[in-house]
Amino acid sequence: MRRGIVRLLALTGLMGGGAAYAAEAPIEKLVINGDAAVLKLSADDKRPYQLDLNKSNWDAKQCSALVRRAGGVVTIMVKLNDKLLGSSCGLEIAGNLKPGKQVELGLAAVKGSIRGAYSAIRVDSRAVDLTLDGKAASLSMSADAIRAQAKGAYDKLALKGQALTLGFEGSSRDMVFDGQAVKAKVKLTDAKPSGSLSLDATTGKLSLTLPKSATLQYEVRGTAASVDSKLPSTAGAPLKLSARGQVLKVAVEAD
């Protein structure tokens, strides 16, 4: 198996057409587009800022990973002979970014992890399998199939997919789950959570766990809908839940 590693040290020496060049301005946004990649991204100011492209089974005639920089935006374009993650060319992108920056993913298939603090994380894909741990003002995903585990503080959390499976623990003031088949398990950890949670699904299953000190106003509308809540629906409560669809099952627990 052929393996290769391209290291973009300190995010200042970036590969452009096979050559490294210096770039003194900080990276404001990392954009990864193309076919598929495995990610291991972090944002930790106690570690060196760097980016590694780890290649396996690489065939330079059929596969490429081109890196370009325009101002504060670094873009990686991935082209593989295999459109989805498979047994041919493989690419792992492992890096540590400066906290507070943006990540934008436009890969056909993406899996892996994103950890640390960002201003925004945006994913537009066909197949997503990600683990997230950290915080961001905005976390959005749109794909045919989404499987995500997220932990931390995301002010706005928006996921849209035909098949969506989510596990979330942490805090968020604005949550939107939209899809054909949605399964979401959400645990809000603020002592008195506030904001809104919206579920819009053809078939949806939502398990919501709240602290005992929480108050909730909820409305569930569906052709066949069931609600099992340990908390009453309280008009004017700071946390509001709205669920709409055809077949819905909503459970609310007090922890």
Check: What's the shortest heavy-atom distance between Val182 and Ala201, and which atoms?
Finding: CG2-CB, 3.7 Å
Next item on the list: To the nearest 0.5 Å, tell me how far Leu107 CG sits from Arg126 CZ.
Entry: 11.5 Å
Check: Are Leu231 and Val227 linked, directly or through other ILVMFWY residues, by side chains that come within less than 4.5 angstrom of each other?
Finding: yes
Checklist line | Residue Lys156 excluded, over 12 heavy atoms near NZ under 6.0 Å | finding: no
Item checked: Nearest-0.5 Å distance, CG of residue Leu91 to CG of residue Asn54 -> 7.5 Å
Next item on the list: Check whether any side-chain N or O of Ser172 sits under 3.5 Å from a backbone N or O of Tyr154 as a donor-acceptor pair, and report yes or no.
Entry: yes
Notebook entry, point to check: Looking at Pro193 and Leu188, what are the two nearest heavy atoms and their distance?
Noted result: CB-CD1, 4.1 Å
Margin query: When you measure from the side chain of Tyr49 to the backbone of Ala43, do you find a donor-acceptor pair of N or O atoms at a distance under 3.5 Å?
Written below: no
Notebook entry, point to check: Which is it for Thr189 and Glu169 under the side chain to side chain contact (heavy atoms under 4.5 Å, CB included) test, yes or no, and what are the steps along the way?
Noted result: CA-CA 7 Å; Thr189 55; Glu169 180 177 352; 3.9 Å; yes
Margin query: Tell me if a side-chain donor or acceptor on Thr215 pairs with a main-chain N or O of Ala237 at a distance below 3.5 Å.
Written below: no
Checklist line | Same apolar cluster: Val67 and Leu30, side chain cutoff 4.5 Å | finding: yes
Next item on the list: Measure across Asp190 and Ser171 and return the closest heavy-atom pair with its distance rounded to 0.1 Å.
Entry: OD2-CB, 3.4 Å
Next item on the list: Could you tell me whether a side-chain N or O of Ser233 sits under 3.5 Å from a main-chain N or O of Tyr218, the two making a donor and an acceptor?
Entry: yes
Next item on the list: Mind running side chain to side chain contact (heavy atoms under 4.5 Å, CB included) on Arg173 and Asp155 for me, showing each step along the way?
Entry: CA-CA 5 Å; Arg173 290 184 54 82; Asp155 294 344; 5.7 Å; no
Notebook entry, point to check: How many angstroms lie between OG in Ser140 and NZ in Lys160, if you round to the nearest 0.5 Å?
Noted result: 12.0 Å
Next item on the list: Among Ile93, Val31, Asn33, Ile114, find the residue that satisfies the side chain to side chain contact (heavy atoms under 4.5 Å, CB included) test when tested with Leu105.
Entry: Ile114
Next item on the list: Could you tell me whether the side chain of Asn96 and the main chain of Pro48 form a donor-acceptor pair under 3.5 Å?
Entry: yes
Next item on the list: Indicate yes or no: at least one non-hydrogen side-chain atom of Leu39 is less than 4.5 angstrom from one of Val103.
Entry: no
Notebook entry, point to check: For Arg147, does the CZ atom sit with more than 12 other heavy atoms under 6.0 Å from it, leaving out its own atoms?
Noted result: no
Note to self: Determine whether Val252 and Lys230 satisfy the following criterion, side chain to side chain contact (heavy atoms under 4.5 Å, CB included), listing intermediate values before the conclusion.
What the structure shows: CA-CA 6 Å; Val252 180; Lys230 305 302 180 184; 5.9 Å; no
Check: Is the side chain of Ser125 donor-acceptor paired with the backbone N or O of Ala143 at a distance under 3.5 Å, no angle test?
Finding: no
Check: Would Met141 and Leu166 count as a side chain to side chain contact (heavy atoms under 4.5 Å, CB included) if you check the C-alpha gap in whole Å, the side-chain angles of each, and the deciding distance to 0.1 Å?
Finding: CA-CA 11 Å; Met141 297 186 193; Leu166 169 70; over 6 Å; no
Next item on the list: Grab the two heavy atoms, one from Thr131 and one from Arg115, that are nearest each other, plus how far apart they are.
Entry: CG2-NH2, 4.0 Å
Notebook entry, point to check: From Gln149 CD over to Leu132 CG, what is the distance, rounded to the nearest 0.5 angstrom?
Noted result: 10.0 Å
Next item on the list: May I ask you to decide whether Lys151 forms a salt bridge with Asp133, counting only side-chain N to carboxylate O separations under 4.0 Å?
Entry: no
Check: Is Val247 reachable from Val250 through a run of I, L, V, M, F, W or Y residues, each pair having side-chain heavy atoms under 4.5 Å apart?
Finding: no
Notebook entry, point to check: Does CG belonging to Asp255 count more than 12 external heavy atoms closer than 6.0 Å?
Noted result: no
Notebook entry, point to check: Could you give the distance from SG (Cys89) to NZ (Lys79), rounded to the nearest 0.5 Å?
Noted result: 13.5 Å
